[in-house]
2 protein chains.
Amino acid sequence: MAWHRTGGIELERLIQLLSRLPGLGPRSARRAALSLLAEPERRLVPLAQAMQEAAARIQSCEVCGTLDVTNPCMICSDPDRDHSVICVVEHVSDLWALERAMVHRGVYQVLGGTLSALLGRGPEELNTQSLFRRVGSDGVSEVILALGATVDGAATSHWLEDRLARYDVTVTRVGRGVPMGGTLDGLDDGTLVAALMARRPVARDDG
Amino acid sequence: MAWHRTGGIELERLIQLLSRLPGLGPRSARRAALSLLAEPERRLVPLAQAMQEAAARIQSCEVCGTLDVTNPCMICSDPDRDHSVICVVEHVSDLWALERAMVHRGVYQVLGGTLSALLGRGPEELNTQSLFRRVGSDGVSEVILALGATVDGAATSHWLEDRLARYDVTVTRVGRGVPMGGTLDGLDDGTLVAALMARRPVARDDG
């Protein structure tokens with residue numbers, strides 16, 4: 001027999017959806033729901049509205065894949081950025097980390113993840129089509145691969161180097177500074193600066 | 001200069017509101033927002049709707065103070081419960097914990113917190129008016145004080161015992177089983193059963 005919880009199916013559902021957020025489990029989702037319901041007008045309704053607005057207005061940039069309220073995003077449509085240098089990252093949060101460190105004045109490409117043998121994620125699931133389109137057009141001189149120093153990140157970097165070798169573009173990789181097993185989002189700004197500064201050209205076999 | 005984050009004020013606000021949830025900080029709020037925005041139709045919109053519905057439909061029971069979609073709540077309007085025994089708890093989550101353990105067949109009173117010298121919370125901020133009204137009317141034979149074994153919980157129990165002494169009702173306190181410093185919500189069912197079973201009458205000075 002299921003135990004009884006007051007609040008009905010509405011509360012059940014709210015707690016269930018909250019518990020799927022990264023960082024929240026069933027117990028903390030209960031606490032979160034109760035704290036929101038303690039002040040519904042001041043806390044629950046504003047959060048619901050912020051979510052509705054975010055869902056309605058935020059979209060993926062058709063050029064680089066980051067999330068923004070404009071399309072193309074603020075970075076892609078900024079004439080003061082250097083559009084000849086594309087920095088490839090895994091996630092939007094990695095782009096934010098680099099922007100926070102104010103270390104890259106070019107533009108970005110957000111893959112949305114990495115290749116992963118374990119998760120069965122192949123190239124078609126990464127946001128690479130617009131990358132190859134951009135690199136294939138005039139004006140792009142350098143692609144910086146700024147993926148995490150994980151097994152999957154390294155495999156994805158290698159695959160991208162391979163695919164980018166057919167274009168007339170310099171491919172570099174952030175190197176020193178990214179600790180083994182780490183993701184870009186978790187780094188301090190100094191380490192991010194070091195990693196960007198220490199980027200090196202990828203050795204390419206001219207075959 | 002503030003660092004730039006794509007997503008505009010909408011995303012900024014969503015992250016800010018999420019970071020106020022208990023259990024989430026600024027970093028996990030960013031992760032939560034991004035994970036919701038990764039699948040807006042499947043995850044963000046349903047959560048926003050669940051919140052809107054909860055805000056519109058869930059209210060405090062005018063009798064006991066718990067949260068429910070009906071008013072009076074399911075428990076207060078259940079003729080199969082023993083309405084002569086009122087179990088007083090601090091929070092809705094404590095009521096849920098006792099219901100989960102299926103250890104109390106009576107009804108409840110949810111105070112919404114405890115007295116607190118530190119937080120300057122006095123009796124007028126607790127949901128006690130309906131408790132005294134219920135105890136003052138016919139048919140209530142026992143009030144079980146099931147507050148946490150904290151300094152504030154003990155002070156609140158003591159204050160309630162004092163106030164309830166003027167009514168013709170047996171006042172008991174859950175005793176053995178609640179570990180010092182613990183709150184009811186954090187206990188296993190067995191300990192909750194032990195605490196309820198070991199309740200004892202409060203010594204009252206007949207003066």
Side-chain angles (χ1 to χ4, degrees), chain A residues 1 3-11 13-14 16-18 20-25 27-38 40-41 43-55 57-58 61 66-70 73-75 91-93 95-96 99-102 112 185, chain B residues 1 3-11 13-14 16-18 20-25 27-38 40-41 43-55 57-58 61 66-70 73-75 91-93 95-96 99-102 112 185:
Chain A
M1 183 187 127
W3 58 278
H4 173 81
R5 176 192 282 158
T6 60
I9 189 79
E10 287 81 0
L11 189 50
R13 184 162 164 74
L14 175 59
Q16 193 207 350
L17 288 170
L18 281 172
R20 289 199 206 137
L21 289 180
L24 287 185
R27 166 175 290 272
S28 45
R30 278 206 304 270
R31 277 178 45 223
L34 284 175
S35 90
L36 289 172
L37 278 163
E41 290 309 316
R43 301 195 51 205
L44 187 55
V45 173
L47 182 52
Q49 285 169 346
M51 286 181 172
Q52 293 281 20
E53 261 169 58
R57 298 211 48 206
I58 298 173
C61 170
T66 194
L67 295 167
D68 209 340
V69 289
T70 60
C73 72
M74 278 181 63
I75 295 174
H91 300 290
V92 174
S93 53
L95 181 157
W96 288 350
E99 286 296 291
R100 214 152 52 215
M102 290 182 285
D185 189 29
Chain B
M1 183 188 127
W3 59 277
H4 173 80
R5 176 193 283 158
T6 60
I9 190 79
E10 286 82 359
L11 189 51
R13 183 163 165 73
L14 176 59
Q16 192 206 351
L17 288 171
L18 281 172
R20 289 199 207 136
L21 289 180
L24 287 185
R27 168 176 288 272
S28 45
R30 279 207 303 271
R31 276 178 46 223
L34 284 174
S35 91
L36 288 171
L37 278 163
E41 290 309 317
R43 302 197 48 205
L44 187 55
V45 172
L47 182 53
Q49 284 169 346
M51 287 181 171
Q52 293 280 19
E53 261 169 57
R57 299 213 45 207
I58 297 173
C61 171
T66 194
L67 296 167
D68 209 340
V69 288
T70 60
C73 72
M74 276 181 64
I75 295 175
H91 299 290
V92 174
S93 54
L95 183 156
W96 289 350
E99 287 296 292
R100 215 153 50 214
M102 289 184 284
D185 190 30

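To find a chain, count down the sequence lines: A is the first, B the second, and so on, and within it residues start at 1.
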Query raised in the report: Distance from B/Leu37 atom CG to A/Ile58 atom CD1, nearest 0.5 Å?
Result: 5.0 Å

Query raised in the report: For B/Arg31, is it the side chain, the backbone, both, or neither that has a heavy atom closer than 4.5 Å to a heavy atom of chain A?
Result: both

Query - Main-chain N/O of B/Arg20 paired with A/Arg43 side-chain donor or acceptor, under 3.5 Å - result: yes

Report summary line: One option among B/Leu17, B/Leu34, B/Leu24 has the most heavy-atom pairs under 4.5 Å with chain A, and it is B/Leu34

Requested in this report: Working to the nearest 0.5 Å, report the span between CD of B/Glu53 and CD1 of A/Ile9.
Outcome: 10.5 Å

Query raised in the report: Top residue by heavy-atom pair count (under 4.5 Å) with chain A, among B/Gly112, B/Ser28, B/Ala54?
Result: B/Ala54

Report summary line: Between B/Gln49 and the options A/Met51, A/Arg13, A/Gln52, the side chain to side chain contact (heavy atoms under 4.5 Å, CB included) test singles out A/Gln52

Query raised in the report: Which of the residues B/Gly8, B/Gly23, B/Pro22, B/Ala38 is involved in the greatest number of heavy-atom pairs with chain A at under 4.5 angstrom?
Result: B/Pro22

Query - When B/Pro40, B/Pro46, B/Gly25 are compared by non-hydrogen pairs under 4.5 Å with chain A, the top option - result: B/Pro46

Requested in this report: Output the option from A/Arg27, A/His91, A/Gln16 having the highest count of non-hydrogen pairs under 4.5 Å with chain B.
Outcome: A/Arg27

Report task. Check each atom of B/Ser35 against the heavy atoms of chain A and say whether the ones under 4.5 Å are side chain, backbone, both or neither. Result -> side chain

Query raised in the report: Among B/Ala29, B/Ala48, B/Ala55, which has the most heavy-atom pairs under 4.5 Å with chain A?
Result: B/Ala48

Report task. Quick one: pull up CG in A/Leu14 and CG in B/Leu47 and give me the separation to the nearest 0.5 Å. Result -> 6.5 Å

Query raised in the report: Heavy-atom distance under 4.5 Å to chain A: side chain of B/Leu18, backbone, both or neither?
Result: both

